[in-house]
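Every chain is numbered from 1, with letters handed out A, B, ... down the list of sequences.
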Protein chains: 2
Amino acid sequence: MPKDIFKKRKQDILSKKDKSHRGKWDEKILNLCKKINSFDCYYTTSSCSGRIVLIINKERKQSGLFLKMYHNLISFKGIKKDIEEILNKIKKEDVKFKMEPCALHVACKGFKDAKELCDKAKLAGWKKSGIISINKRFVVELNSTERLEFPIIKNGKLLVNDEFLREIVKQSNKKLKKCWKKIQKLNKFLSDQK
Amino acid sequence: MPKDIFKKRKQDILSKKDKSHRGKWDEKILNLCKKINSFDCYYTTSSCSGRIVLIINKERKQSGLFLKMYHNLISFKGIKKDIEEILNKIKKEDVKFKMEPCALHVACKGFKDAKELCDKAKLAGWKKSGIISINKRFVVELNSTERLEFPIIKNGKLLVNDEFLREIVKQSNKKLKKCWKKIQKLNKFLSDQK
């Protein structure tokens, strides 16, 4: 892609209104996005610092499925309260708990730029990173591996006990912290480069 | 990479002894591997048709962590028996349950070959597919998205009840079947090409 067109697209994308579910920037990954966008050859198109969601379990994605979303550490008391609230509201649905790792989509000007970013990300612990699109531009997806996923509500009834939930809170928080460390590490690797 | 070197590597890799945990070919993905390897521009380096594992939860990968591994549909009775066996054997460890989607690693001769395979895989439902290595050769990782992951044993004690476990068996089997359909679909797309 000619240099000017990439630059123009970058300006267009970065000036767009945030369309994410949260409607605001995910602060823990903001500095990394800024760092990536400071390179002429890159621009970020989506980002997440790692998240925990309670989501209605459906075959196909559709709007309105997200019941709760957390980008910060969770507490047993807090999630228990949120689950009670969901149980009061939802009578027949199935709900799943999902902890997802930090994730970034980055458009890259050239093949070499894409490869370099993937290599750095892997060194920083973002082990599931690769080039996912090679049409008008190169798009790199960077992902880490911290995950949890299981059904939590079935037919409006809670499937798990407090002991299990306490362990889930502990493991989720540990995984979120790991993601945040990997975000800082990648930021550092890119800063060293400049 | 010159044509002859790629061909030589392909022969070397495909003649090697299987080093997987199972020690034998995963039959549900065997035809797809054969199909991929029938193209001069590709060879498979690892494959899994989707699996369920009970694994000791450790920070770092090491040998001996896998307690049970299933590549076929599971039953409540069967997994319950296996869990009892683990509880009898393991007194202090933490164990996690993991359902992982179908996965393939394919070495590709050229960039265009890699891109074409990723595009086909995505159309066949292997949504997490991309080029993960671009050093001596192009390596493509094809992954689907069906997952479950949660702690099941903590300090040698079972964390979940039968109702939860029945739901896990149901969802795991559904996800495995989805993976098998995607394997067939990708095989068909590659067959149409020939």
- Taking all heavy atoms of Ile131(B) and all of Ala114(B), pick out the closest pair and write down the distance.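 Looking at all heavy atoms of both residues, the closest pair is CD1-CB, 4.0 Å.
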
- Message: Just verifying a value: how many Å separate Leu32(A) CG and Leu186(A) CG, rounded to the nearest 0.5 Å?
- Response: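 Here the interatomic distance stands at 5.0 Å.
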
- Interatomic distance, Ile52(B) atom CD1 to Leu176(B) atom CG [nearest 0.5 angstrom]: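 That separation rounds to 4.5 Å.
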
- Message: Suppose the criterion is ring-ring contact (aromatic ring centres under 6.0 Å, His included): which pairs have a residue in residues 81-103 of chain B, not counting sequence neighbours?
- Response: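 The answer is Phe97(B)-Phe150(B).
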
Scan chain A against chain B and return every donor-acceptor pair whose distance is under 3.5 Å.
unit_1, atom_1, unit_2, atom_2, d
Glu59(A), OE1, Lys178(B), NZ, 3.2
Glu59(A), OE2, Lys174(B), NZ, 3.2
Lys115(A), NZ, Asn135(B), OD1, 3.0
Lys122(A), NZ, Ile132(B), O, 2.2
Lys128(A), NZ, Glu141(B), OE2, 2.5
Ile131(A), N, Ile131(B), O, 2.9
Ile131(A), O, Ile131(B), N, 3.0
Ile132(A), O, Lys122(B), NZ, 2.2
Asn135(A), OD1, Lys115(B), NZ, 3.0
Glu141(A), OE2, Lys128(B), NZ, 2.6
Glu149(A), N, Glu149(B), O, 2.8
Glu149(A), O, Glu149(B), N, 2.8
Lys154(A), NZ, Glu167(B), OE1, 3.1
Lys157(A), NZ, Glu163(B), OE1, 2.8
Lys157(A), NZ, Glu163(B), OE2, 3.3
Glu163(A), OE1, Lys157(B), NZ, 2.9
Glu163(A), OE2, Lys157(B), NZ, 3.4
Glu167(A), OE1, Lys154(B), NZ, 3.1
Lys174(A), NZ, Glu59(B), OE2, 3.2
Lys178(A), NZ, Glu59(B), OE1, 3.3

- Query: In terms of the angle between their ring planes, are Phe111(B) and Phe138(B) parallel, tilted or perpendicular, with boundaries placed at 30° and 60°?
  - Reply: tilted

- Answer key: most heavy-atom pairs under 4.5 Å with chain B among Leu148(A), Ile134(A), Val139(A), Val140(A) is Ile134(A)

- Task: Quickly, which of Val95(B), Ile168(B), Ile86(B) forms a side-chain contact (heavy atoms from CB on, under 4.5 Å) with Ile152(B)? Name it, please.
- Result: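 Exactly one option meets the side-chain contact (heavy atoms from CB on, under 4.5 Å) with Ile152(B), and it is Val95(B).
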
